[in-house]
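For reference, the structure discussed in these notes is given below.
Residue numbers start from 1 in every chain, and the chains themselves are labelled A, B, ... in the order their sequence lines are given, proteins ahead of strands.
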There are 2 protein chains.
Amino acid sequence: MKRLHIGLADRGYDILIGSGLLDSLGRLIADVRTPSKAVVLTDDHIWSLYGDRLTAALGDLPHRVLVLPHGEQTKCAEVYAQALSFCAQNQLTRTDMLIAFGGGVIGDLGGFVAATYMRGIDFVQVPTTLLAQVDSSVGGKTAIDLPEGKNLVGAFWQPVLVVADLDLLQTLPSREQAGGMAEVIKYGAIFDSALFAKLEAHPTWETLTPILDEIVYACCDWKRQVVERDERDTGDRMLLNFGHTFGHAIEAHGRYTDYIHGEGVALGMVLAAKAGIRLGVTPVGTDDRLESLCDSFGLPMTDRFPAAALTAHLALDKKRAGSALRLVLLRAIGEGYVHSLPVDEVLSLAEDIGDAN
Amino acid sequence: MKRLHIGLADRGYDILIGSGLLDSLGRLIADVRTPSKAVVLTDDHIWSLYGDRLTAALGDLPHRVLVLPHGEQTKCAEVYAQALSFCAQNQLTRTDMLIAFGGGVIGDLGGFVAATYMRGIDFVQVPTTLLAQVDSSVGGKTAIDLPEGKNLVGAFWQPVLVVADLDLLQTLPSREQAGGMAEVIKYGAIFDSALFAKLEAHPTWETLTPILDEIVYACCDWKRQVVERDERDTGDRMLLNFGHTFGHAIEAHGRYTDYIHGEGVALGMVLAAKAGIRLGVTPVGTDDRLESLCDSFGLPMTDRFPAAALTAHLALDKKRAGSALRLVLLRAIGEGYVHSLPVDEVLSLAEDIGDAN
């Protein structure tokens, strides 16, 4: 088991990474907190696979389980209110705990419930997808969606513990595995050319599995460094949005059903590389290298986006500050940076690469 | 105009207290922030009285107004989601602003919207009730209700400016004026025997009006001291809950329609004094002195509460920590303190004073 400490003054916590950790969950929680009871938020897929093991692992910690439908639709205001009422009905108090047992949707929703129920209670993340293990469970960003857009509502709220059991990743649908790889590739692209090269040397899920612990650890460690420097997402942390500005537009274009998040990010990274090349800041061929690595992990790279579909969704973007958009671009593989552009220029850039793609 | 600075490291802000400040709102905001647009949250009562003046006061700051029904029912998850969508539909960005223009309901709801929309945007409070001016607009507690209980959901989020125009208080229904006085009396009871004595010397709204600026300032200044010491409500800040444990139970008993918040607090303070007397910690007669002052400001003091009604609502209380409840009691007028009691003892105490009242 690898242990990574996220140092955020009094709100620091550990991320535990390893095989078979799920069965020790109760003991791992007891090492950091002693709640009198817990509410578990999970989804129907995860619960049917691992519900019995989780219940056994929690031992004598009294807990009630709210099993939600899987999928992004669960991350909405209505289910949020339902989960809050579930906590209240089970008389969860400020010294009790919420356990988010699932992928990014459950983690984001559960984190936001924990952040706001009684103005904040402890929560433990047990991320069950690669995406959640390397990205959404590190850094304290919690969120729900609005009909008007993804992740438009949320809070910064740190878990007291993250338990990332790598074994759970082996039962993921291959599409989810690939989706998570998009974020792994992202870390290589913006921070770590050695990680990127290592992925190119292990370019399939099967060849990567034996070194998955070090890969997940490396990603979490990069995110740790960024989060420690910039907890509230005003500067450096923005680098993590590489691929996300275009990616969110692509997800929205697909009505959040055609593409999973990682697929949007993968396509968004390639588009961001193309944008950087057009602007003369990214080396020619970077887009091909990204595209090839994404493709080798099974991320779909062949779709075409009408420029209008991209631009329509770029206007309402959290990263928009006044009349400028901050895009994350690459100076090289391993070197991302924030590039501010007037919204109009981003839109015309999107039209270019939208057509070009 | 009096100016009180709330010093919370990088999240400090000013409370401005005076007559006629509403008409200068745009200029006062421009002194601290330069948003490109704003969303105003308000209620139908306030908007019919002051909407034209607010719009004029905002001058050339583009703003859209969401007018919500007045009353506690508005502080729910559905209206919260509606307000968030309103912000998104008007493309409010992270550098824009929300203005909460109303009483405690609008302030709590608007603050929670601002705390969570895009994980937090600037907001300005323009409290229009005495209760909001002396209590809910100081300290950064934001909240909505659940069907299961009041204020069960929220976040700590500080405004960037509070503008308390005392003139607005003169159009309040007398019941609202009295409700606010309950919180004013509370500050005297727990912190400030001189303030309490001053209220006893000006025991009606009419006699108090000429010195309202110093009264509101004194209350905000007490709350400031507590909030600066204990922003996240883990210790000292709990003193501000004097009267609230029983008060919330009384409000719930009245289904949040029979009693306004201040009426619940007033009755709760008298009950807490009676509880302290029973426990031998509060001087005999303190309950009568509180009751007399509340009564002189028109707070209803004659209702009877079945003990069962009190106890039924005490079990789910935010201040409950595990199996103990922390009650705020008085050692004397001007000297509140936190008294931990097993839940069972609180319930039997509630039965005693419920019968006795």
Side-chain angles (χ1 to χ4, degrees), chain A residues 10-11 34-37 76-96 112-113 115-121 140-157 232-234 315-326 343, chain B residues 10-11 34-37 76-96 112-113 115-121 140-157 232-234 315-326 343:
Chain A
D10 55 333
R11 284 156 294 108
T34 51
S36 61
K37 55 183 174 297
C76 66
E78 276 179 23
V79 176
Y80 167 65
Q82 177 194 351
L84 290 164
S85 281
F86 186 83
C87 292
Q89 284 153 16
N90 288 288
Q91 306 204 356
L92 216 63
T93 72
R94 280 184 179 171
T95 53
D96 291 327
F112 188 47
V113 170
T116 55
Y117 180 70
M118 292 187 171
R119 298 198 188 91
I121 63 170
K141 275 193 180 181
T142 70
I144 58 173
D145 303 332
L146 291 180
E148 290 78 14
K150 257 183 76 121
N151 294 329
L152 284 179
V153 182
F156 290 91
W157 193 247
R232 295 197 70 87
D233 196 8
T234 54
L316 181 70
D317 189 290
K318 275 197 305 302
K319 288 162 287 299
R320 183 173 168 184
S323 59
L325 263 172
R326 283 171 282 180
V343 172
Chain B
D10 55 331
R11 285 156 295 107
T34 50
S36 60
K37 57 183 172 297
C76 67
E78 276 179 23
V79 176
Y80 167 65
Q82 177 195 350
L84 290 164
S85 281
F86 186 83
C87 292
Q89 284 154 15
N90 287 289
Q91 306 205 357
L92 215 64
T93 72
R94 280 184 178 171
T95 53
D96 291 328
F112 189 48
V113 170
T116 55
Y117 179 70
M118 293 187 172
R119 298 197 188 93
I121 63 170
K141 275 194 180 181
T142 71
I144 58 172
D145 303 331
L146 292 180
E148 290 78 14
K150 255 182 77 119
N151 293 330
L152 285 179
V153 182
F156 289 92
W157 193 248
R232 294 197 72 86
D233 197 8
T234 55
L316 182 69
D317 190 288
K318 277 197 306 301
K319 288 159 288 299
R320 183 174 166 181
S323 59
L325 264 172
R326 282 171 282 180
V343 172

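Atom NZ of A:Lys37 and atom OG1 of A:Thr95 lie 7.5 Å apart (nearest 0.5 Å). Atom CG in A:Leu84 sits 10.5 Å away from atom CD in A:Gln89 (nearest 0.5 Å).
Note: A:Ser85 leads A:Pro35, A:Ser85, A:Cys76 in heavy-atom pairs under 4.5 Å with chain B. When each of A:Thr142, A:Ile144, A:Val113 is checked for heavy-atom pairs under 4.5 Å with chain B, A:Thr142 comes out on top.
Between A:Ile121 and the options A:Leu92, A:Thr93, A:Asp96, a side-chain contact (heavy atoms from CB on, under 4.5 Å) holds for only A:Leu92.
Interface residue A:Leu146: only side-chain heavy atoms are found under 4.5 Å from chain B.
Between A:Tyr80 and B:Tyr80, the ring planes are tilted. Angles from 30° to 60° get that label.
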